[in-house]
Amino acid sequence: MNDCYRDVTTPELMTASLKSLVERYNLKGKVVGDVALGALMQSSANWNFAREVVQASGLHPNTPAYNVQRACGTSLETTIQIAHKISSYQIESGIAGGVDSNSDLPIMVTRSFSQKLVALNSARTLGEKLRIFLSFRPSDLKPVPPAVVEPRTGKSMGEHCELMVKEWKISRQEQDELALASHLNAAKAYKDGFYADLVFPFLGKSTDGIMRGDTTLEKLAKLKPAFDRSEKGTLTAGNSSSLTDGSSTVLLASEEEAKKNNWPLLAKIVDSHTSAVDYVAGEGLLMAPTVAVSELLKRNGLKLQDFDFYEIHEAFAGQVLCTMKAWESAEYCKTRLGRSEPLGKIDRSKLNVRGSSIALGHPFAATGAKIVGVLAKILHSAGPGKRGLIVVCTAGGMGVATILES
């Protein structure tokens, strides 16, 4: 959460990102084929959220828009959907994105209070209204803040990830080392100017607020466990992603449309796959990316090592490490992925080379499109013929994987 964004609403935060994209690509007053946007922490008042954001963005009012929600994979999903519309010749161009604000949280009322308000609104006589009014109790007024917990287990993602790292025997030091690499890579990327044209200034901020380029393993080791607070807990605020405020957008277009408008062609979306696991029955909540990647590789005739860059969303360092360890496990790949051999190791020097969610934050629905933009620029800078893999875990035991090529 950022204090300077405390009074910024979720639609305003999304509009700011879309406006920036509109200005950069000279889209003011123009119609694009479709706009797909999403958010997790969303008020019911924003029922037509995407369309309202478009109306305020500078795009022509004739531009359509729709809402999408796939938990932490939301804006990767919007990107995939817009890409599919373009590849099937429904549209020539479109915009995908997402937003979440942990400063503008929708606070709910109790179920009891809500039911009494509905009844009061429906009451016809003064006597009926008085009877309902007298039924209100102080406990009815207790606010219900949103909680990022799984309804079927009552556990948070962090608590689920603690179970995963214990199952896969991932140490605290391994997690801290991955977190340190994320911070150092992100800090170097900012110093090198990599993010200069990817991040736009907003309310005085032009860098991600939680990045710690000066952190060390010693500093990370001093942090206390955040979920399992016993001596067995290993997930901390330092090796877990922070819940931040942010929005992101991506412009997609056919090759012909991009050339016609002098838009840079950074990368193309090759394919994607979404999978789910039965975490209630005992599978790790955040292990679905292992399945999504396996199926994506099968369909495209690729090996896990056939990529120049890997962007694995760092919900938790432990989640990333569990995923990679599962790919290396012959038993897991045989029993869960239906493979005769393990997928194997990836080159860690190719992983999240410009930092990821631990260093840059995790504004839920904004994360996927942010990663798409980062990987597209990485691939373009590396030259033609390069290939990258995006992997995002989500709440509800789902995972989304996508292949990009330059």
Side-chain angles (χ1 to χ4, degrees), residues 8-25 27-101 104-106 146 245-254 257-258 261 263 268-269 271-274 276 363-373 376 390 392 394-396 398-402:
V8 180
T9 68
T10 298
E12 288 170 343
L13 193 57
M14 185 74 257
T15 301
S17 184
L18 186 52
K19 273 186 173 180
S20 179
L21 183 141
V22 167
E23 292 170 4
R24 173 167 296 182
Y25 295 106
L27 292 170
K28 190 171 179 62
K30 296 183 179 180
V31 176
V32 298
D34 212 344
V35 177
L37 305 173
L40 271 67
M41 297 300 183
Q42 189 70 290
S43 166
S44 59
N46 296 328
W47 58 274
N48 207 11
F49 164 74
R51 174 62 176 157
E52 292 302 319
V53 168
V54 164
Q55 295 275 63
S57 70
L59 287 168
H60 194 283
N62 289 352
T63 299
Y66 64 103
N67 299 353
V68 176
Q69 207 261 56
R70 194 192 285 280
C72 304
T74 293
S75 59
L76 182 54
E77 181 66 27
T78 61
T79 303
I80 293 164
Q81 289 187 13
I82 293 297
H84 285 169
K85 284 173 175 274
I86 293 170
S87 65
S88 61
Y89 303 99
Q90 296 179 46
I91 59 176
E92 289 294 329
S93 64
I95 297 171
V99 62
D100 262 301
S101 170
D104 179 33
L105 293 175
D245 305 342
S247 63
S248 60
T249 51
V250 178
L251 174 63
L252 299 105
S254 65
E257 185 73 4
N261 290 280
W263 295 334
K268 63 180 179 180
I269 296 177
D271 196 7
S272 61
H273 193 89
T274 303
F364 295 137
T367 293
K370 178 186 71 173
I371 292 175
V372 170
I390 296 174
V392 176
T394 90
M398 296 182 289
V400 189
T402 304

Would a distance-only check, ignoring hydrogens and angles, find a side-chain to backbone donor-acceptor pair under 3.5 Å from D100 to L40? yes
Can you name the closest pair of heavy atoms from A365 and G38 and give their distance? CB-O, 3.5 Å
Report the distance from atom CD1 of I95 to atom CG of L251, rounding to the nearest 0.5 Å. 5.5 Å
Can you name the closest pair of heavy atoms from T10 and A39 and give their distance? CG2-CB, 4.4 Å
Looking at W263 and Y25, what are the two nearest heavy atoms and their distance? NE1-O, 3.4 Å
For a 4.5 angstrom cut-off between non-hydrogen side-chain atoms, does E52 reach T15? no
Residue pairs passing the side-chain hydrogen bond (donor to acceptor under 3.5 Å, both in side chains) test where at least one lies in residues 66-87, sequence neighbours excluded: D34-K85, Y66-Q81, R70-E77, E77-Q81
How close do P64 and G33 get, counting heavy atoms only, and between which atoms? CG-O, 3.2 Å
Heavy-atom donor-acceptor pair, S247 side chain to L13 backbone, under 3.5 Å: yes
Let me confirm one number: the CZ-OG distance from F49 to S44, rounded to the nearest 0.5 Å. 14.0 Å
Is there a side-chain contact between I390 and L76 in this structure, where contact means two heavy atoms from C-beta onward sitting under 4.5 Å apart? yes
Would you say T9 and N46 make side-chain contact, with heavy atoms under 4.5 Å? no
Check I86 against S254 and note the closest heavy-atom contact, atom names and distance. CG2-N, 3.6 Å
Kindly compute the distance separating CD (E23) from CG (L18), expressed to the nearest 0.5 Å. 10.0 Å
Going by heavy atoms in the side chains, are V35 and V53 under 4.5 Å from each other? no
What closest approach, in Å, do K19 and A56 show between heavy atoms, and which atom pair accounts for it? CE-O, 3.0 Å
Does any part of the side chain of V8, heavy atoms only, come nearer than 4.5 Å to the side chain of S101, both counted from C-beta? no
T63 side chain vs H60 backbone, donor-acceptor pair below 3.5 Å: yes
Distance check, rounded to the nearest 0.5 Å: L37 atom CG versus R51 atom CZ? 12.0 Å
Out of curiosity, T274 OG1 to M398 CE, how far, rounded to the nearest 0.5 Å? 8.5 Å
Report the residues that fulfil side chain to side chain donor-acceptor pair (under 3.5 Å) with N261, sequence neighbours left out, ordered by chain and then residue number. E257
